[in-house]
Colleague: 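Below are the structure tokens for one structure; questions will follow.
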Amino acid sequence: MEERLNTLRAGVLGSNDGILTVVGVLVSVAAATADQFMILIAGLADLLACAFSMASGEYASVSTQKDTEKAAVAKEAALLKTDWAGELQAVSDYYRGKGLSKQTAEAIAEDLMNKSPLKTVVRVKYDIELGHYLNPWDAAFASLFAASLGGILPLMAMILTPAGYKWPTTILAVILSSALTGYISSKLGNGLVKVAVIRNIVIGLITIIIHYGVGKLF
């Protein structure tokens, strides 16, 4: 479950980044020139760069986290051999911190440590589920796909709609896609849906305004 949630989070982040970076380039170029081919090439180039950048970043980040988790497990496995009493106390303290009495916490700690000591210790001390490591490839592909999907929506709106409608259509595409990523991210993080949606839409519109100004300037 945790692996799936992290993959979904990587996808949401990738999608949001794809929307903002691609629309930024599109708006800048479209404000500077009416050449549709140039706008298309610039948008596609940025879409690919963004997608692969997000994917490689997620791969590196999750790989580092996975290595850290494995190192923590190895450390606790060694401590169980050299300092059993200390590990038992750590588990007991954890349940004392949850509001249980000393006697109850010690009983639970002893029971869990007798059944599955390593699993218990890494869960209590690091919130790691033994054997359930994050997959960097899943996160990378989720980010790659999501960034491409997020970026292609404003690109299609800018390129495929008639000249008289390309700006309102592009803005609408950004609003809808930003609202969707805000909604999904709030659900995954148990946050406030309204706040997340409005925040993403405002950021998207600010991105358009800034990059439009840059395009007009040059």
Side-chain angles (χ1 to χ4, degrees), residues 4 6-65 134-189 196-218:
R4 186 177 299 176
N6 277 283
T7 300
L8 287 172
R9 289 189 188 100
V12 171
L13 289 173
S15 178
N16 199 50
D17 196 71
I19 295 167
L20 295 179
T21 56
V22 172
V23 78
V25 170
L26 282 175
V27 170
S28 295
V29 176
T33 178
D35 189 329
Q36 287 290 88
F37 182 72
M38 183 177 293
I39 297 172
L40 174 62
I41 293 301
L44 282 176
D46 186 69
L47 177 63
L48 291 173
C50 172
F52 282 100
S53 174
M54 287 297 295
S56 62
E58 280 295 330
Y59 180 84
S61 176
V62 174
S63 294
T64 300
Q65 185 175 348
L134 301 180
N135 189 324
W137 287 108
D138 286 348
F141 281 120
S143 190
L144 177 70
F145 175 77
S148 300
L149 183 62
I152 206 168
L153 294 177
L155 177 61
M156 291 175 63
M158 181 68 76
I159 297 299
L160 298 181
T161 53
Y165 298 96
K166 69 178 181 179
W167 284 109
T169 304
T170 301
I171 293 172
L172 180 61
V174 172
I175 290 174
L176 293 177
S177 54
S178 296
L180 180 60
T181 57
Y183 175 81
I184 296 174
S185 64
S186 67
K187 287 296 184 180
L188 290 175
V197 169
I198 293 176
R199 179 175 60 233
N200 273 23
I201 291 175
V202 170
I203 292 173
L205 293 177
I206 291 174
T207 300
I208 291 174
I209 293 171
I210 292 174
H211 285 84
Y212 182 82
V214 172
K216 283 296 184 181
L217 181 63
F218 292 98

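Hydrogens, waters and symmetry mates play no part in the numbers below; they use all other heavy atoms, side chains included.
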Colleague: Just one of Thr181, Leu180, Leu176 clears the side chain to side chain contact (heavy atoms under 4.5 Å, CB included) bar with Ile19, so which one?
Modeller: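 Considering Thr181, Leu180, Leu176, a side chain to side chain contact (heavy atoms under 4.5 Å, CB included) with Ile19 is found only for Thr181.
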Colleague: CG of Asp138 to OG of Ser143: how many Å apart, nearest 0.5 Å?
Modeller: 12.5 Å
Colleague: Taking all heavy atoms of Cys50 and all of Gly18, pick out the closest pair and write down the distance.
Modeller: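 Taking Cys50 first and Gly18 second, the nearest heavy atoms are SG-CA, 3.6 Å.
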Colleague: For Leu205 and Ile201, what are the C-alpha separation, side-chain angles and deciding distance, and is it a side chain to side chain contact (heavy atoms under 4.5 Å, CB included)?
Modeller: CA-CA 6 Å; Leu205 293 177; Ile201 291 175; 4.0 Å; yes
Colleague: Find the distance between OG (Ser178) and CD1 (Ile198) and round it off to the nearest 0.5 Å.
Modeller: 13.0 Å
Colleague: For the side chain of Ser177 and the backbone of Val174, is there at least one donor-acceptor N/O pair under 3.5 Å apart?
Modeller: yes
Colleague: Nearest 0.5 angstrom please: Leu44 CG to Leu40 CG, how far?
Modeller: 4.5 Å
Colleague: Let me have the donor-acceptor pairs involving side chains of residues 144-165, under 3.5 Å, with sequence neighbours excluded, atom names and distances please.
Modeller:
unit_1: Ser148; atom_1: OG; unit_2: Leu144; atom_2: O; d: 2.8
unit_1: Thr161; atom_1: OG1; unit_2: Ala157; atom_2: O; d: 2.4

Colleague: Quick one: pull up CG in Leu20 and CD1 in Ile208 and give me the separation to the nearest 0.5 Å.
Modeller: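 The CD1 atom of Ile208 is 9.0 Å from CG of Leu20, to the nearest 0.5 Å.
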Colleague: Going from OH on Tyr212 to OG1 on Thr170, what distance comes out if it is rounded to the nearest 0.5 angstrom?
Modeller: 12.0 Å
Colleague: What pair of heavy atoms forms the shortest contact from His211 to Thr207, and how long is it?
Modeller: ND1-O, 2.9 Å
Colleague: In Å and rounded to the nearest 0.5 Å, what is the CG to OG1 distance from Asp46 to Thr21?
Modeller: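 Reported value, rounded in 0.5 Å steps: 4.5 Å.
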